[in-house]
Amino acid sequence: MSAAATAHNTEALNRFHSAVNSGDPSVVSKAIDEFVAPDVRFHAPVPMGATGAEALKRVWDVLLSAFPDIRVTLEETVAEGDKVVARNTVTGTHQGVYQGLAPTGRSVSYNEIFIFRFAEGRIVEIRGVVDVLTQLRQLGALPS
């Protein structure tokens, strides 16, 4: 893969994150349609009954409902070939039902790392590790 293609993939991921940080579900949905292949392979916990880009849309619907002010800060990206790795910090305020937990009004700040594989300028595979333990502790759902 050329250096230009790798740079394009990194820029696409940056634009995707900008859309996510808009807090607007329709903007996020349009960004998924633009930057993510419909049959993306998603190797992270996703809602049952959905696959591909539709599963990613459901994930963001849940997150935006629970944390309307959610913010994903790209701390570091590493790009090589057809992959871009992003280390992020996620922040938000729990204002809607999440994982069966009623809104607490508590703030969360947790880390995640995702590996995005691109083909023809779109994300075709996502592998992720999210620090859900820290998130749930901050929400009071688990002991510290």
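One is the number of the first residue; the rest follow in order along the sequence.
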Is [Y] close to [X] at the side-chain level, that is, under 4.5 Å between some pair of heavy atoms?
X: Ile70; Y: Thr91; answer: no
X: Gln135; Y: Tyr98; answer: yes
X: Val36; Y: Leu56; answer: yes
X: Pro103; Y: Val97; answer: yes
X: Asn9; Y: Phe116; answer: no
X: Glu11; Y: Asn14; answer: yes
X: Ile113; Y: Asn111; answer: no

Counting N and O atoms only, with roles assigned by atom type, does the side chain of [X] sit under 3.5 Å from a partner on the main chain of [Y], one being a donor and the other an acceptor?
X: Asp82; Y: Ala119; value: no
X: Asn21; Y: Val72; value: yes
X: Arg137; Y: Pro143; value: yes
X: Ser22; Y: Asp24; value: yes
X: Arg122; Y: Asp33; value: yes

NZ/Lys57: more than 12 non-hydrogen atoms of other groups inside 6.0 Å: yes
Parallel, tilted or perpendicular: which describes the rings of Phe67 and His94, with under 30° parallel and over 60° perpendicular? tilted
Quick one: closest heavy-atom pair of Val28 and Ala19, and the distance? CG2-O, 3.6 Å
Whether Arg87 and Glu112 form a salt bridge (side-chain N of Lys/Arg under 4.0 Å from carboxylate O of Asp/Glu) is what I want to check. no
